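The block underneath contains the structure these notes are about, expressed in structure tokens.
If you're wondering where the values come from, they're calculated on a predicted model, not measured in any experiment.
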Amino acid sequence: MSPKPGAAPTSRRARRRMTGKERREQLLDIGRSLFAERGFEATSVEEIAHKAGVSKPVVYEHFGGKEGLYAVVVDREMRQLLDMVTGALTGGHPRELLEQAAFALLDYIEQYTDGFRILVRDSPVAQSTGTFASLISDIATQVEDILGREFKMRGFDPKLSPLYAQALVGMVALTGQWWLNVRKPKKAEVAAHLVNLAWHGLHGMEQKPRLIGHRKS
């Protein structure tokens, strides 16, 4: 039987049904974009479902609700950034390691801007897999061992390496948060200034730092 005049071919009318995995990835992409733009509170399940062209129960089926979707998005972004930082620390001169760490974070901000916007917001979800503070701590742990070896070689107390790792990573991360919005100066120049401050601070570091003010405790 031939199709009626003016009717669209069956192949055009029929839409291929997404697999469960494809639908999940679609919802994650949409959620990631909305969370970055509006934040967790201002994003609704209704809007996520509408943009995906599905009903609300589909979102609940995959993630149990907005909180579950948010937690997966945050977890993915944290792993992406950690992988970029640890992959960048390939060794070499200690100053070069500082450059590698600075570039890794700035590269992430440039390539995964939405993800970084989500990470720098304080997580409003108790069961979320992380916050910006915990992410900084995780990255600092990667730097800790490297600093500990360098401290030991130079006669400094390696037990203090966690403190310095937190300070260095925190400095880079907060500068990156500022650079996220201004995007000036250029990435390489930002990295150079960060390393300039960090390296010359470490280079002239006292083995037993002293306080010069009146307060001693």
Side-chain angles (χ1 to χ4, degrees), residues 71 73-113 115-123 125 128-183 185-213 215-217:
V73 169
V74 169
D75 182 61
R76 281 191 170 192
E77 294 303 325
M78 289 184 72
R79 283 190 284 113
Q80 178 66 49
L81 178 50
L82 282 170
D83 287 348
M84 288 180 72
V85 171
T86 55
L89 298 175
T90 56
H93 191 277
R95 180 165 180 166
E96 189 177 1
L97 284 169
L98 287 172
E99 290 181 10
Q100 291 166 355
F103 265 118
L105 180 62
L106 295 173
D107 284 342
Y108 173 79
I109 293 171
E110 191 172 61
Q111 297 170 27
Y112 300 91
T113 301
F116 190 71
R117 289 190 189 280
I118 293 169
L119 291 179
V120 297
R121 298 177 188 270
D122 288 331
S123 173
V125 184
S128 177
T129 52
T131 63
F132 189 51
S134 66
L135 174 67
I136 296 305
S137 183
D138 287 345
I139 295 175
T141 301
Q142 309 295 325
V143 178
E144 210 175 283
D145 292 339
I146 298 169
L147 276 179
R149 291 195 297 270
E150 295 296 328
F151 276 22
K152 193 172 183 179
M153 287 172 55
R154 288 163 171 74
F156 294 95
D157 186 355
K159 292 180 182 178
L160 292 173
S161 61
L163 186 157
Y164 283 91
Q166 292 282 345
L168 288 170
V169 173
M171 177 183 72
V172 176
L174 287 175
T175 303
Q177 191 173 351
W178 164 80
W179 186 72
L180 170 69
N181 296 315
V182 297
R183 296 301 176 102
K186 292 182 179 179
K187 179 171 61 176
E189 191 175 348
V190 174
H193 282 289
L194 283 168
V195 173
N196 179 44
L197 176 60
W199 177 250
H200 286 99
L202 289 171
H203 191 66
M205 198 164 64
E206 299 172 334
Q207 287 192 358
K208 293 185 178 180
R210 58 192 177 87
L211 300 170
I212 64 170
R215 181 170 177 174
K216 302 301 179 184
S217 62

**Request:** Taking the side chain as every heavy atom from C-beta outward, state whether Leu147 and Leu168 have any atom pair closer than 4.5 Å.
**Result:** yes
**Asked** Which atom pair, heavy atoms only, marks the closest approach of Lys216 to Leu211?
**Response** NZ-O, 2.8 Å
**Request:** With the side chain counted from C-beta on, respond yes when Glu144 and Val169 share a heavy-atom pair under 4.5 Å apart, and no when they do not.
**Result:** no
**Message:** Can you give me the closest heavy-atom contact between Glu110 and Lys187, atom names plus distance?
**Reply:** OE1-NZ, 2.7 Å
**Message:** I'd like to know if the side chain of Tyr108 pairs up with that of Glu77 as donor and acceptor (distance under 3.5 Å, no hydrogens or angles considered).
**Reply:** yes
**Request:** Can you label the angle between the Phe151 ring and the Phe156 ring as parallel, tilted or perpendicular, going by 30° and 60°?
**Result:** tilted
**Request:** Give the minimum heavy-atom separation between Val172 and Ala102, together with the two atoms involved.
**Result:** CG1-CA, 4.0 Å
**Prompt:** Looking only at heavy atoms, which two atoms of Gln100 and Leu89 are closest? And how far apart?
**Reply:** OE1-CA, 3.5 Å
**Message:** To the nearest 0.5 Å, what is the distance between CG on Leu194 and CE on Met171?
**Reply:** 5.5 Å
**Prompt:** How about Lys208: does its NZ atom have over 12 heavy atoms from other parts shown lying under 6.0 Å from it?
**Reply:** no
**Asked** Does the side chain of Phe116 come within less than 4.5 Å of Leu105's, by heavy atoms?
**Response** yes
**Request:** Take Leu197 and His193, measure what side-chain contact (heavy atoms from CB on, under 4.5 Å) needs, and give me the verdict at the end.
**Result:** CA-CA 6 Å; Leu197 176 60; His193 282 289; over 6 Å; no
**Separation of Glu189 CD from Lys186 NZ (nearest 0.5 Å)** = 9.0 Å
**Message:** Please report the interatomic distance CD(Glu150) to CG(Leu202), rounded to the nearest 0.5 Å.
**Reply:** 10.0 Å
**Asked** So which heavy atom on Leu106 is nearest to which on Gly176, and how close?
**Response** CD2-CA, 4.3 Å
**Complete:** In short, Ala104 meets Ala88 closest at the heavy-atom pair CB-CB, 3.7 Å
**Complete:** Value for OG (Ser161) from CG (Asp145), rounded to nearest 0.5 Å, stands at 7.5 Å
**Prompt:** Does the pair Arg79/Asp75 count as a salt bridge with the N-to-O cut at 4.0 Å?
**Reply:** yes
**Request:** Under the side-chain contact (heavy atoms from CB on, under 4.5 Å) rule, what do Arg183 and Thr113 come out as? Steps first, then yes or no, please.
**Result:** CA-CA 11 Å; Arg183 296 301 176 102; Thr113 301; 3.2 Å; yes
**Message:** Rounded to the nearest 0.5 Å, what separates atom CD1 in Ile118 from atom CE in Met78?
**Reply:** 12.5 Å
**Message:** Quick one, Thr90 with Leu97, criterion side-chain contact (heavy atoms from CB on, under 4.5 Å). Give me CA distance, side-chain angles, the key distance, then yes/no.
**Reply:** CA-CA 7 Å; Thr90 56; Leu97 284 169; over 6 Å; no
**Request:** Decide yes or no on side-chain contact (heavy atoms from CB on, under 4.5 Å) for Tyr112 and Met84, but give the supporting numbers first.
**Result:** CA-CA 11 Å; Tyr112 300 91; Met84 288 180 72; 3.8 Å; yes
**Complete:** Contacts satisfying side-chain hydrogen bond (donor to acceptor under 3.5 Å, both in side chains) that involve residues 169-180 (not counting sequence neighbours) are none
**Fill in**
Rounded to the nearest 0.5 Å, the CG atom of Asn196 sits from the CG atom of Leu98 at a distance of 11.0 Å
**Request:** Could you tell me how the ring of His200 sits relative to the ring of His203: parallel (under 30°), tilted (30 to 60°) or perpendicular (over 60°)?
**Result:** perpendicular
